Each structure stands twice: as structure tokens, then as C-alpha cells.
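For reference, the structure discussed in these notes is given below.
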Amino acid sequence: MVTESVAFSVKSLGTVSVFTRVTARGVPKEAERPLSRVADTSSLNSRSTKKPITERSKRSLAIVEDEQDLLSIYSRVTKELGFDPVIVAREGEDIVRAVVEGRASPDVVIIDYRLPGMNGIEAAKRILKHRPATKVIVASADDSVREESISLGFTFLQKPFSLAAFSDRIRRVVSQLSEGP
Amino acid sequence: MKTVRPQRARTEVLRRSKDVTGTIRKFFGDGKARVDICVPALAPNHPKGIAGAAEAYLSAAKNRGGIRLLTEITGENIDYCKSLMKTADVRHMANIKGNFAVSETEYLATPSSSGFSPRGPVLYSNEAAFVRHHELLFEVLWMNATPASKRVKEIEEGLGAAKNELHYDPLQVQRLYLEMVKGAKSEVMLLLPTVPAFHRDEAIGVIALLRAAANRGVEVSVLGPADQSLVKAFPALDSRDKGVAGSVTYKAISDASSPNTATVLVVDRTASLIIEEKDASRSSFLDAVGAATYTTSEPTVTANIHFFERLREETELRIKEERSRKDAVLMQDILAHDMTNYNQVIKLNAEVLENKVHDEGLLGLVRTILRAADGAGSLIQRAKSLSKAMSQEKVVLHEVDLSRSLEDALSLVKQSNPGRTVESQQSLTPAKVVADEMLGEAFVNILSNAVEYTEGTKVPIQIRLDETEETAEDSGKKQDYWRVTITDHGRGIIDEKKRLVSRRHLESAKGSGLGLSIVRALVVDRYSGRLELKNRIDGDYTKGTSVEVWLPRA
């Protein structure tokens with residue numbers, strides 16, 4: 001059984017214990033695993049992401065993706081875009097539980113469709129029940145969920161996408177968010 | 001002038017020796033075009049009654065023809081019958097008791113072979129109604145009789161006479177059914193038409209007998225409905241019988257392959273039983289079955305074997321296709337999800353690096369990674385398209401605007417290759433073909449290949465559209481096509497590879513980035529069109545390729 005570690009730096013903003021099910025990648029059953037918050041401030045110096053897009057007010061973002069390397073790169077890029085905190089989860093149920101229990105309040109959720117257990121769209125719908133203002137980006141290779149995603153008011157981003165497309169979608173979503181604290 | 005007096009119509013029983021012998025002699029002695037004779041088993045040493053007269057007539061009428069003799073051929077009279085076969089058309093019927101002869105104009109009968117006496121009685125008639133009646137009777141017997149050559153072969157090869165029996169008594173049918181399975185020595189073929197038929201058979205012990213047959217080394221093959229209860233029941237049968245000489249194999253046939261409602265049983269390739277299902281709703285075998293036909297007749301048993309084997313082959317083919325489809329779906333899934341995720345990781349990380357690295361040398365390496373990632377992404381996309389085309393169970397073709405499809409594909413390829421200038425010359429006219437929404441994929445692949453394999457920034461491509469037709473060699477049927485010719489100035493395709501593409505699409509995948517494989521799968525396999533690859537310049541493949549796509553006109 002393989003226990004995977006989070007590759008990016010994590011600033012301790014409190015550890016949230018989440019009980020997870022067995023995943024295809026070998027996460028132990030009933031394992032205690034932190035729902036991570038990313039707060040690395042190193043500069044990305046990206047042409048497309050040079051200017052933080054949430055500089056006027058900190059926005060919270062959650063990434064739900066079961067592929068560890070993707071989780072890492074999404075986190076890095078979104079952190080550079082100015083999101084704070086960046087919460088990561090590898091299963092839909094983790095993020096739903098965190099939102100329901102008030103441990104996470106994401107303004108934006110980037111979520112894969114195919115996840116261990118609950119699928120991304122189902123998880124997003126449950127998040128919206130508790131936080132209707134949250135904006136959802138479904139990032140998936142599965143084109144068949146495009147229509148459903150769009151019909152639910154989500155943004156659909158088909159993999160593989162470029163860094164520019166990723167940043168652009170996030171900017172657009174953030175611009176739709178109402179000004180808030 | 002000679003006057004022919006019409007014969008007086010009469011029907012009478014002859015009892016006087018003079019009348020009997022005179023009438024028989026006259027009947028067989030007249031120059032009749034055809035005489036049909038029905039007699040019991042002939043005994044050469046003691047020809048009696050009509051048989052005796054017929055024998056005399058037959059020997060006198062050698063090489064004359066026109067005689068049909070229906071009798072019972074046995075081991076005792078086989079040689080005699082073989083000699084009769086030289087001058088008459090002979091057929092065999094077991095236990096035939098008739099003793100009559102009929103021509104176009106006369107009918108003659110004796111009460112029985114043993115009862116013949118020169119003193120009679122003999123029944124004679126030349127009345128049309130009687131004659132016609134017995135002509136028809138003879139025809140019915142003749143049609144149901146076995147050709148003498150077949151019967152002779154059966155006797156000489158030690159085989160029993162072929163049996164053809166029709167059973168209406170359900171109890172008798174059940175007994176016969178069980179006996180046949182129980183007595184199987186080498187092979188049992190069983191087609192179960194419905195799920196209730198399986199349960200009824202199970203109740204009367206047929207399934208247990210199948211298992212017992214397998215245990216003693218008999219190959220048991222069962223075809224039946226794709227119902228879970230059967231699918232579960234038979235693998236259990238299979239596993240229970242592992243390690244024994246024989247086996248029970250169960251294959252679920254699709255509903256479309258099984259329009260019949262009859263149970264078909266063939267045992268040892270020598271006997272078959274077809275049981276009608278009279279009332280499928282009844283749970284009792286005796287209540288549910290109708291008539292049953294039992295036969296050991298070689299042609300009929302062979303026909304039943306052929307029917308069963310054909311159905312089994314179709315079923316095996318369907319199972320194989322379903323497996324391939326599942327494999328294709330799995331491949332599609334792997335490509336769509338896992339491969340794409342890995343590619344996404346490479347792409348985003350490389351792009352982040354591209355923004356951070358300032359060393360030109362390193363930047364070149366990063367850009368190489370990005371180009372490779374884009375190439376992999378494109379390949380994944382194409383493979384997904386091929387997999388999707390292969391995995392579709394039902395393809396619904398409809399009218400598609402060919403010109404529009406070409407224009408869209410061209411536009412997409414231009415957008416996908418921002419660093420290249422695609423200089424296209426096209427003369428497109430309104431054209432409708434029989435295809436579906438995946439048609440554009442074929443053109444995207446052809447055009448993408450053209451861009452990929454043309455050196456330099458500029459990519460000259462000519463697209464031509466014209467009407468053509470082809471007449472099928474076998475049926476002579478004419479088919480109208482729209483022919484799209486896409487010509488590039490790329491590095492070309494060697495002749496061997498061109499041949500591979502035209503023969504088998506998967507072989508052509510090597511080195512062509514799957515592009516032409518997809519084109520072939522779509523154009524040839526999916527749309528029943530044609531794909532032809534030619535050199536732009538005859539005899540020199542290095543100067544570019546002309547790809548001809550023939551699509552049936554809507």
C-alpha cells in the first residue's frame with residue numbers, strides 16, 4: 001500500500017483530519033490525512049500569471065484532483081495567481097465534508113470529474129448547497145461531462161489545457177465573484 | 001379408315017383365372033409411358049401377385065424407363081433390388097404394405113402379396129376417378145420414401161434405416177428426449193429457446209443428464225438465451241465438470257439470433273430431435289411442449305447440425321466482438337483519463353519552467369518537451385477517436401454535408417498549426433454523403449498528416465471534389481460516390497505502407513501517427529467507402545501524396 005506525500009510546501013493553518021476511503025492509488029482505508037492548505041509565497045514570474053488576480057482581496061480556492069502531480073502544479077499556479085488559502089483534496093467527499101463542517105470556505109473550486117468515490121460534479125453540487133456563491137471549474141479529460149457541467153453553471157476546462165487557458169478560466173471565474181471580504 | 005373404339009369404363013373384382021392373368025398381362029403389356037408400382041418387400045425367388053407380374057414386366061422392359069417401384073429394401077432382397085434399380089427408379093419405405101400398380105389410365109390391386117392367386121381376387125379399374133386417386137396416393141408415398149441408393153448404402157455400411165418420426169404425445173417426447181441425452185456417446189448439441197424451457201428441462205432431469213454425459217467424456221454444447229439464470233447455471237456446470245474428459249459449454253445467444261421457439265437437440269451427429277414449444281408460459285414440460293420431430297435421416301440431421309453450428313459461430317463472433325468493444329472502451333478510458341493526465345502534468349510543468357528559465361539552451365530543451373507533449377496530446381486525441389469509432393455498437397449513418405465537413409476540418413487544422421501557412425486550393429461543390437458526425441475526423445487526420453509531413457513553413461494542399469461511380473463485380477450493382485482528393489507536397493508514403501493501409505488499418509498505424517488508421521476505419525469500415533493512396537507524381541512517392549476518399553452519395 002502506498003502513502004503519497006504532498007509535494008508542495010504547506011503552511012500550517014491548522015490540520016483538518018479527514019477519513020477517506022480506499023483509492024485506486026493505494027491511500028489506506030480509514031487513513032487520517034490532512035486536507036492541505038497551500039500558502040507558499042515564492043514567485044512564479046509567469047508571463048501569463050505575472051499579476052496576481054486576487055490582490056484586492058484574498059480569495060480562497062479549493063483544488064480536488066486525485067493525480068498528485070497535477071495537484072502540485074495546480075496549487076503552484078493558483079497560489080501564484082494570489083489565492084490564499086489554497087486547499088487541496090484528492091477525493092470529492094473530503095472537500096464536501098470540509099465545506100459542510102465549515103473547515104473550508106472556497107470561493108473557487110477546481111475539480112476533476114473522475115475521482116475516487118463521489119464524482120466531481122456530484123461533489124460540486126453538494127458544495128454549492130452550502131456555498132451557493134462558490135464558482136466551480138470542472139477540469140476533466142472526459143468531454144462527455146462538458147454539457148452537464150455547463151448546464152449546472154460550471155466552467156468546463158478540457159484536459160489537456162495550456163497554462164494560459166488555465167489562468168484565463170480562473171480569471172474569468174474570479175471576475176464573476178461578487179466583491180467581498 | 002380404322003375406327004378406334006374408346007375403352008369402356010369399368011371397375012371390377014376379377015376372380016376367374018383367365019380374367020386375372022389376362023388383365024395383368026394386358027396392364028403391364030400395354031405400351032404405357034409410366035407405371036408406378038407399390039409392393040411389399042420383394043422376394044426374388046418367389047415373386048407373387050403384382051410383384052411377380054411386375055418382375056416379369058421389369059425384366060421385359062429393360063432400358064425402357066418410366067417405371068417407379070416403391071418397396072421395402074432389406075438385407076435379404078438387396079441384390080435383387082439392386083438389379084431392379086438398373087431398369088426402374090426404386091425407392092424404399094419401411095413396412096410398406098401396399099400392393100398395387102397404377103398408370104395414367106388404369107389401376108390394379110391385389111388384397112395382399114400372400115393372398116394372390118391366379119383365380120383372384122384382383123381389383124381392376126380404368127375409371128378416371130379411381131385412377132387419379134391412386135396416382136395421388138402413390139405420389140404421397142413416393143415423396144416420403146428413401147432413394148434406393150441411400151438405403152442400399154445404409155445396409156451395405158451396416159447402418160440402420162433412417163427414421164423420421166413425428167410425435168404428438170408429450171410423455172413420449174419427454175421419454176425420447178431423456179433417452180437421447182442419456183445415450184449420447186460423443187457429442188450433444190442443445191439449443192434452448194427460452195428461459196422457461198431451461199427450467200422445464202432442468203425439472204425433468206435433462207440438465208443433470210448433460211452433466212452426466214460430460215462426466216463420461218461427451219462434449220456438450222448448449223446455446224440459450226442471454227439470461228442471468230442460465231449464464232449463472234452453466235458456468236457452475238462447467239466448473240463442476242473441470243478435470244473430466246468432456247465439458248459443458250454454454251453460450252448465450254442474442255435475442256436476434258434466436259427467433260425460434262423450438263428446442264433443438266442433436267446427439268452424436270446421427271440423430272436430432274426438434275421439440276416445439278406450444279405454450280411457453282407453462283412450467284411443466286408435458287404441458288408446454290407441442291409436436292416433436294425425431295430423425296436419423298442424414299440430410300436432416302446434417303441440416304440441424306449446420307443450423308446449430310452456424311448459430312454457435314455467430315454467437316462466438318458476437319462474444320468476440322463484444323470483448324473487442326469492451327477492450328476498445330477500456331483503451332478509450334485509459335487514453336481519455338490517465339494518459340491525458342500525465343500529458344497535462346508534463347505540459348503545465350514545462351510551461352511553468354518555460355516562464356522561469358532564461359538560459360536559451362535550457363529554454364530550447366523545455367520547448368522540445370512542450371512540442372513533444374503537444375504531439376502526444378494530438379496522438380491521444382486521434383487514438384481516442386479511433387477507439388470511439390471501434391467501440392460503437394450501433395452506427396447510425398445519415399446525410400452529411402461533405403463540403404462543410406471539409407471546410408470545418410481545414411479550418412481546424414489551420415488553427416491547430418499557427419506556425420504553418422496552409423495554402424489550400426479547393427473547389428468544393430454542394431455534396432451530400434452517407435456518413436455521420438465523425439466524418440470530419442477523417443479529413444482532420446488527412447490534413448494533419450499533410451501538414452506534419454510537409455517541410456517548411458508553407459503547406460500547399462489541393463482539395464478536389466468530384467462525382468464518380470463504381471459497379472460491384474459480384475452483384476453488378478452500381479454505387480454513386482463523391483470522391484474527395486486531397487493532395488499534398490509532403491515527403492510521401494512508400495508504396496509498401498500504401499498497400500498496408502489499403503489492406504488492414506491496424507498494420508498501417510506504424511509511423512503514421514494513427515492518422516491513416518483512423519481514416520480507413522471511418523471511410524472503409526464505417527461508411528462503406530473507399531480509401532486510395534497515390535503518389536502526387538507518378539512513380540515518385542517522395543513528391544507528395546494524393547489521398548482519395550470515396551464516400552457513398554446520399
Side-chain angles (χ1 to χ4, degrees), chain A residues 4 7-8 23-25 40 42-51 63-81 90 110-116 119-120 137-146 157-170, chain B residues 328-359 362-363 366-367 369-389 391-392 412 415-419 437-438 440-441 444:
Chain A
E4 293 167 281
F8 43 86
T23 72
R25 296 184 183 281
D40 190 339
S42 66
S43 171
L44 194 64
N45 193 25
S46 162
R47 278 191 290 273
S48 58
T49 60
K50 201 177 282 180
K51 190 180 175 186
I63 302 166
V64 192
E65 168 64 62
D66 65 329
E67 173 58 47
Q68 179 60 61
D69 291 333
L70 276 180
L71 203 57
S72 298
I73 192 69
Y74 288 176
S75 300
R76 183 171 194 129
V77 173
T78 52
K79 175 191 64 187
E80 188 62 23
L81 288 171
R90 292 174 62 179
I110 299 171
I111 191 163
D112 190 9
Y113 172 70
R114 196 178 300 190
L115 294 165
N119 72 50
I137 298 173
V138 176
S140 173
D142 194 347
D143 191 40
S144 66
V145 297
R146 179 193 293 271
L157 189 55
Q158 185 168 9
K159 295 175 184 172
F161 46 79
S162 66
L163 186 60
F166 186 52
S167 305
D168 179 62
R169 292 298 195 288
I170 295 172
Chain B
V329 169
L330 180 65
M331 187 175 111
Q332 197 178 334
D333 192 61
I334 291 168
L335 289 168
H337 190 255
D338 299 5
M339 293 285 286
T340 303
N341 268 353
Y342 291 134
N343 198 44
Q344 181 72 77
V345 170
I346 296 167
K347 193 174 167 64
L348 284 186
N349 280 284
E351 284 185 303
V352 168
L353 269 179
E354 188 186 25
N355 291 324
K356 290 178 76 78
V357 170
H358 303 292
D359 180 291
L362 288 177
L363 206 51
V366 172
R367 284 173 181 156
I369 294 171
L370 277 171
R371 275 199 301 277
D374 287 342
S378 171
L379 186 63
I380 291 167
Q381 198 56 42
R382 289 177 190 183
K384 273 166 65 180
S385 298
L386 178 62
S387 173
K388 189 177 172 186
S391 64
Q392 279 185 325
L412 188 68
Q415 285 171 21
S416 306
N417 292 275
E437 68 286 347
M438 290 200 68
E441 196 66 37
V444 166

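So you know, we letter chains A, B, ... as the sequences are listed, proteins then strands, and number each from 1. This is a predicted model, so every value here is computed, not measured.
Interatomic distance, A/Leu70 CG to B/Leu348 CG, rounded to the nearest 0.5 Å: 7.0 Å. In this structure, the separation between CD on B/Gln344 and CD on A/Glu65 is 9.0 Å, given to the nearest 0.5 Å. To the nearest 0.5 Å, atom CG of residue B/Asn343 and atom NZ of residue A/Lys159 are 11.5 Å apart. Atoms CG and CG, from A/Asp69 and B/Asn341 in turn, are 10.0 Å apart once rounded to the nearest 0.5 Å. Atom NE2 of B/His337 is separated from atom CG of A/Asp112 by 4.5 Å, given to the nearest 0.5 angstrom. Residue B/Ile346 holds its CD1 atom at 12.0 Å from CD1 of A/Ile73, rounded to the nearest 0.5 Å.
Both the backbone and the side chain of A/Ser162 come within less than 4.5 Å of a heavy atom of chain B. Proximity to chain B is absent for every atom of A/Asp143, based on heavy atoms less than 4.5 angstrom apart. When heavy atoms are compared at a cutoff of 4.5 Å, A/Phe161 approaches chain B by way of both its backbone and its side chain.
Counting heavy-atom pairs closer than 4.5 Å to chain A, the top-ranked of the candidates B/Thr340, B/Ile380, B/Leu370 is B/Thr340.
Surrounding CE of B/Met339 are at most 12 heavy atoms belonging to other residues, nucleotides or ligands under 6.0 Å away.
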